[in-house]
Protein chains: 2
Amino acid sequence: MANINSNIPEKTIERLSEYRRTLLSCLKQGITHIFSHVLAGMHGITAVQVRRDLMLIGFSSDTKKGYDVKVLIEFINSILDSENVMNVAIIGMGHLGQAITKYFNSKGLKLRIVSAFDVDPEKVGRTIDEIPCYHMDRFEEIVASMEISIAVISSPTRVAHTLVVPIINAGIKGVLNFTSAQLNFPQGIVSENFDITTILEKIAYFVKEGDEGSDKS
Amino acid sequence: MANINSNIPEKTIERLSEYRRTLLSCLKQGITHIFSHVLAGMHGITAVQVRRDLMLIGFSSDTKKGYDVKVLIEFINSILDSENVMNVAIIGMGHLGQAITKYFNSKGLKLRIVSAFDVDPEKVGRTIDEIPCYHMDRFEEIVASMEISIAVISSPTRVAHTLVVPIINAGIKGVLNFTSAQLNFPQGIVSENFDITTILEKIAYFVKEGDEGSDKS
């Protein structure tokens, strides 16, 4: 299984996470079976895409009534989830850090934000939204003792580059970077940048182009 | 120019936004020229990619000293920016909404969050982080009077689907959706979903796969 999984494209993994949330919500509404084109429609994609994604993970128990929702959820669980809960640290407990923590820990996932790091004396030593907040100096120690494998960076952009070495030294395996800083991590660390500015500037560009296009017609 | 621009891929637009921020920071440090491989290195990509992106937008004034930083910034401005500031509304002024507003409006961009919408009586009618917060019932009216073209959704996921019709009716052209809800907008509205859960689950998956891979070796 692991050999198959490691060949699954990133976009398929993202969609599996999305399918699962849709399927869980179907299950709550008492829906036991779902056709690929219905699932596809709920995600604004084609049925071919859904079937291709599920084929990639080796799921093929399509019936005349569509996919069995419960069975498909369990199959996706077996692909996406670790056996144990994976621990996450959040670096930077300002508005964004607190928003992410509240949002995320309310979801009951196999991922859990267990500690926060900051340098602000107003925050260090306190418990914010049930999460203990430590000084960044203690990052390596706490990551080891709490067995944290993922770090979320929600610090100010100007200090983000100072976090790279502590993250590497602490043995963090995955990073989600919310700042505008371009951070490069060595192989072996999975990292993803999400900068709100970039996404909004992209949307603005296509809105502008759309307007110019329609002005002409 | 417009004809060329509309063929620029999304990923190139994202990178142009990122290059610009790097170039602005170079300019602040007194750097007047930069080679494509240096710019590439700062973004963890290849020089070929940088040159291809700049070729796509028709920028070709590479010199022996590299690109002129100021000229390149102005060229990217001419591609990405509207002539006027583009107005943005934020729907859902909880922690995430407030974090996005603070983060974003401090950047001095050609995009500006000018109003917030909520249904919480504690928020409606107040000014939060210098942004007036209106009841969602007034969305259409305020979008028209403030000439808002982009909406950011940071509401709870369970109410997100109720926002689609007001957004369409108000004539919004671009949407950034931060909830887990899959929202489908008609053609003519540029939309982007960013769900923190999906991204973190993806990172967790690749961290898990990496661990299983290294266990075997």
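Residue numbering restarts at 1 for every chain, and letters A, B, ... go by the order of the sequence lines. Heavy atoms only: backbone and side chains are in, while hydrogens, waters and symmetry mates are out.
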> Yes or no on side-chain contact (heavy atoms from CB on, under 4.5 Å) for B/Leu16 and A/Lys202, after CA distance, side-chain angles and deciding distance?
Replying inline: CA-CA 9 Å; B/Leu16 289 172; A/Lys202 181 174 77 170; over 6 Å; no
>> Under a 3.5 Å distance rule, please check whether B/Asp195 uses its side chain to pair with a backbone N or O of A/Glu18 as donor and acceptor.
In response: no
> Roughly how far, to the nearest 0.5 Å, is OH of B/Tyr205 from CE of A/Met86?
Replying inline: 11.5 Å
>> Could you go through A/Thr101 and B/His95, starting from their C-alpha distance and side-chain angles, then the distance that decides it, and tell me whether this counts as side-chain contact (heavy atoms from CB on, under 4.5 Å)?
In response: CA-CA 10 Å; A/Thr101 305; B/His95 281 268; over 6 Å; no
> Which atom names give the shortest non-hydrogen contact between B/Phe206 and A/Ile8, and what distance separates them?
Replying inline: CZ-O, 3.9 Å
>> Please find the pair of heavy atoms, one from A/Thr198 and one from B/Ser17, that lie closest to each other, and give the distance.
In response: CA-OG, 3.5 Å
>> On a heavy-atom basis, which atom in B/Val190 and which in A/Val207 lie closest, and how many Å separate them?
In response: CG2-N, 4.1 Å
> Which bit of B/Phe178 is near chain A, if near means a heavy-atom gap under 4.5 Å: side chain, backbone, both or neither?
Replying inline: both
>> With a 4.5 angstrom heavy-atom cut-off, is it the side chain or the backbone of B/Ser191 that approaches chain A, or both, or neither?
In response: neither
>> Is it true that, when you exclude B/Gln29 itself, more than 12 heavy atoms of the residues, nucleotides or ligands shown sit nearer than 6.0 Å to its CD?
In response: yes
> Is it the backbone or the side chain of B/Ile150 that comes under 4.5 Å from a heavy atom of chain A, or both, or neither?
Replying inline: side chain
>> Between the side chains of B/Glu201 and A/Arg20, is the shortest nitrogen-to-carboxylate-oxygen separation below 4.0 Å, so that they form an ion pair?
In response: yes
>> Do B/Leu96 and A/Leu96 make a side-chain contact, defined as non-hydrogen atoms from C-beta onward lying under 4.5 Å apart?
In response: yes
> Side chains of A/Val152 and B/Leu200: does their closest heavy-atom pair fall under 4.5 Å?
Replying inline: yes
> Quick check: does any side chain N or O of A/Lys208 sit under 3.5 Å from a backbone N or O of B/Ile79, one acting as donor and the other as acceptor?
Replying inline: yes
>> Nearest 0.5 angstrom please: B/Ile203 CD1 to A/Ser149 OG, how far?
In response: 11.0 Å
>> Return the CD1 to CD1 distance between B/Ile13 and A/Ile199, rounded to the nearest 0.5 Å.
In response: 12.0 Å
>> At a 4.5 Å cut-off on heavy atoms, which part of B/Asn193 comes close to chain A: side chain, backbone, both, or neither?
In response: neither
> If you count heavy-atom pairs under 4.5 Å with chain A, which of B/Gly174, B/Ser180, B/Ser154, B/Gly44 comes out on top?
Replying inline: B/Ser180
> So how far is it from B/Thr197 OG1 to A/Ile100 CD1, rounded to the nearest 0.5 Å?
Replying inline: 11.0 Å
>> Under 4.5 Å from any heavy atom of chain A, what part of B/Val175 do you find: side chain, backbone, both or neither?
In response: backbone
> What part of B/Arg15 is in contact with chain A, defined as an atom under 4.5 angstrom from a non-hydrogen atom: side chain, backbone, both or neither?
Replying inline: neither
> Does the side chain of B/Gln182 reach to within under 4.5 Å of the side chain of A/Met42, using non-hydrogen atoms?
Replying inline: no
